[in-house]
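Written below as structure tokens is the structure these notes are about.
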Number of protein chains: 2
Amino acid sequence: MGESSQATGKAHLIARLRGAGLRPTRQRVELTGLLFEGGDRHLTAEMLHEEAAQAGIRVSLATIYNTLHQLTDAGLLRQVTVDAARSYFDTNIGEHQHFYLEDEGTLIDIPGAEIAVAGVPNAPSGTRVERVDVVVRLRRD
Amino acid sequence: MGESSQATGKAHLIARLRGAGLRPTRQRVELTGLLFEGGDRHLTAEMLHEEAAQAGIRVSLATIYNTLHQLTDAGLLRQVTVDAARSYFDTNIGEHQHFYLEDEGTLIDIPGAEIAVAGVPNAPSGTRVERVDVVVRLRRD
DNA sequence: TCAATAGTTTGGAATTATTCTAATGAAAAT
DNA sequence: ATTTTCATTAGAATAATTCCAAACTATTGA
Ligand SMILES: [Mn+2]
Ligand SMILES: [Mn+2]
Ligand SMILES: [Zn+2]
Ligand SMILES: [Zn+2]
């Protein structure tokens with residue numbers, strides 16, 4: 001086992017990308033590594049770009065956006081809209097909701113089992129519910 | 001009663017603006033007229049600008065943004081973030097939630113009495129809950 | 001193994017919502 | 001009526017995101 005546990009998942013990452021119908025390019029493998037190694041994360045395109053640079057990975061911002069959208073379309077990421085200024089991508093695709101710290105721009109998961117929404121009226125005819133999002137907005141006190 | 005019921009509220013609008021600490025300028029009076037005469041509405045800056053133009057009111061987009069933010073800060077409007085591409089302003093400031101028709105970009109109110117969120121964990125220390133937003137995202141089926 | 005093909009990356013330009021600026025205009029105060 | 005304070009505006013500036021066309025790379029299948 002010459003490789004650190006960080007690199008352990010490389011084959012898995014490639015399988016993941018293939019499963020999503022995406023070619024496992026150098027960029028995609030490295031980005032999915034950053035995204036999925038290390039637990040649940042909420043990050044913007046800019047944040048991921050920065051993190052990649054930090055890790056010595058050279059990827060264009062266009063590729064960051066492409067990859068985030070492709071992974072989202074494949075169901076491996078979820079896009080979270082809480083701030084008009086920027087989009088967050090969530091590596092946790094399980095059922096859960098969010099605290100949003102408006103002062104920080106930080107998202108915190110609320111496990112889906114803990115929170116419940118009751119009394120949602122029937123969806124207007126011709127439509128179906130795609131998702132129910134709850135955002136608990138927080139402010140420093 | 002020479003004036004149509006549309007114009008009836010002019011004095012009221014002026015009082016409303018004064019109450020918010022805003023000078024009742026021609027533009028603000030006309031914009032608040034469009035906003036608050038005619039029930040609950042959800043609209044973007046661009047939509048309001050267009051509507052003003054339609055009504056023969058000449059207002060710059062900068063003033064539209066200024067006014068929407070001032071009214072929001074004064075608590076007469078509420079900003080709704082459901083789409084990364086644009087900001088909606090809601091003339092209904094009562095407690096309620098929303099359906100969001102993603103295909104149309106349309107918001108529909110869900111009365112606050114009908115819907116309930118249970119099981120929200122305590123806010124992290126140092127923070128307080130400012131608001132709990134529920135968005136039921138709909139898709140054409 | 002090696003083209004041929006289809007899909008990917010990239011720098012930089014373009015787009016779009018929103019904000020900023022500095023000059024001009026209007027409301028409130030004196 | 002004058003002065004002072006606040007508001008409006010055109011257009012420039014910002015910032016997130018998307019688009020583009022050229023250069024690259026993974027995959028295919030001879
Ligand atoms: Mn997209
Ligand atoms: Mn603002
Ligand atoms: Zn999350
Ligand atoms: Zn509403």
Side-chain angles (χ1 to χ4, degrees), chain A residues 10-11 13-34 42-53 56-74 76-77 79-89 105 107, chain B residues 10-11 13-34 42-53 56-74 76-77 79-89 105 107:
Chain A
K10 198 168 175 194
L13 294 173
I14 291 175
R16 206 132 47 166
L17 287 167
R18 283 235 167 74
L22 299 169
R23 289 186 182 174
T25 63
R26 197 202 85 223
Q27 292 85 337
R28 282 177 182 153
V29 172
E30 287 172 324
L31 290 178
T32 56
L34 290 177
H42 305 95
L43 64 189
T44 64
E46 208 55 73
M47 287 164 69
L48 181 57
H49 191 226
E50 180 55 34
E51 195 166 306
I57 303 167
R58 199 152 65 287
V59 197
S60 73
L61 195 51
T63 294
I64 299 272
Y65 276 105
N66 288 340
T67 302
L68 287 172
H69 285 137
Q70 289 153 354
L71 293 175
T72 299
D73 292 348
L76 298 177
L77 282 180
Q79 197 165 359
V80 180
T81 303
V82 287
D83 186 322
R86 56 182 155 272
S87 264
Y88 289 86
F89 291 85
L107 282 163
Chain B
K10 197 169 175 190
L13 293 173
I14 291 176
R16 196 123 67 154
L17 287 167
R18 283 237 166 73
L22 299 170
R23 290 185 183 175
T25 63
R26 196 203 86 224
Q27 292 84 339
R28 282 177 182 155
V29 173
E30 288 173 322
L31 290 178
T32 55
L34 290 177
H42 304 96
L43 64 191
T44 64
E46 208 56 71
M47 287 164 70
L48 181 56
H49 192 228
E50 179 56 34
E51 195 167 307
I57 302 168
R58 200 155 63 288
V59 197
S60 72
L61 195 50
T63 294
I64 298 274
Y65 276 104
N66 288 341
T67 302
L68 287 173
H69 284 138
Q70 290 151 353
L71 293 175
T72 300
D73 292 346
L76 298 176
L77 282 181
Q79 197 164 357
V80 180
T81 302
V82 287
D83 187 321
R86 56 183 155 270
S87 263
Y88 289 85
F89 291 85
L107 283 163

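As a basis for the values below, the full set of heavy atoms in this structure was taken, side chains included, without hydrogen atoms, waters or symmetry mates. Quick note on labels: first sequence line is chain A, next is B, and so on, each numbered from 1.
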Do [X] and [Y] come within less than 4.5 Å of each other through their side chains, counting heavy atoms only?
X: A:Phe89; Y: A:Val80; result: no
X: A:Leu17; Y: A:Leu76; result: no
X: A:Val82; Y: B:Thr81; result: no

Open item on the list: Once rounded to the nearest 0.5 Å, what's the spacing between atom CZ of A:Arg28 and atom CG of A:Leu13?
Closed with: 13.5 Å
Would you say a side-chain N or O of [X] is under 4.0 Å from OP1 or OP2 of [N]?
X: B:Tyr65; N: C:dT18; result: yes
X: A:Gln27; N: C:dT10; result: yes
X: A:His69; N: D:dT17; result: no
X: A:Ser87; N: D:dA16; result: no

In whole angstrom, what separates [X]'s [atom1] from [N]'s [atom2]?
X: B:Arg86; N: D:dT18; atom1: CZ; atom2: P; answer: 13 Å
X: A:Gln70; N: C:dT8; atom1: CD; atom2: P; answer: 6 Å
X: B:Ile14; N: D:dA7; atom1: CD1; atom2: P; answer: 15 Å
X: B:Asn66; N: C:dT21; atom1: CG; atom2: P; answer: 13 Å
X: B:Gln79; N: C:dA17; atom1: CD; atom2: P; answer: 15 Å
X: B:Leu43; N: C:dT18; atom1: CG; atom2: P; answer: 12 Å
X: B:Ile57; N: D:dT9; atom1: CD1; atom2: C1'; answer: 17 Å
X: B:Leu68; N: C:dA17; atom1: CG; atom2: P; answer: 15 Å

- [ ] Tell me which of B:Glu46 and A:Arg58 sits closer to the 5' end of DNA chain C, going by the nucleotide each one is nearest to.
- [x] A:Arg58
Open item on the list: Near DNA chain D, counting only heavy atoms under 4.0 Å, which residues of residues 16-26 of chain B show up?
Closed with: B:Arg23, B:Thr25
Open item on the list: Quick check on B:Arg26: does its CZ atom have over 12 non-hydrogen neighbours (other residues, nucleotides or ligands) under 6.0 Å away?
Closed with: yes
Open item on the list: I need the minimum non-hydrogen distance between A:His49 and A:Val59, along with the two atoms involved.
Closed with: NE2-O, 3.0 Å
Task: Backbone of A:Tyr65 reached by a side-chain donor or acceptor of A:His69 within 3.5 Å - done: yes
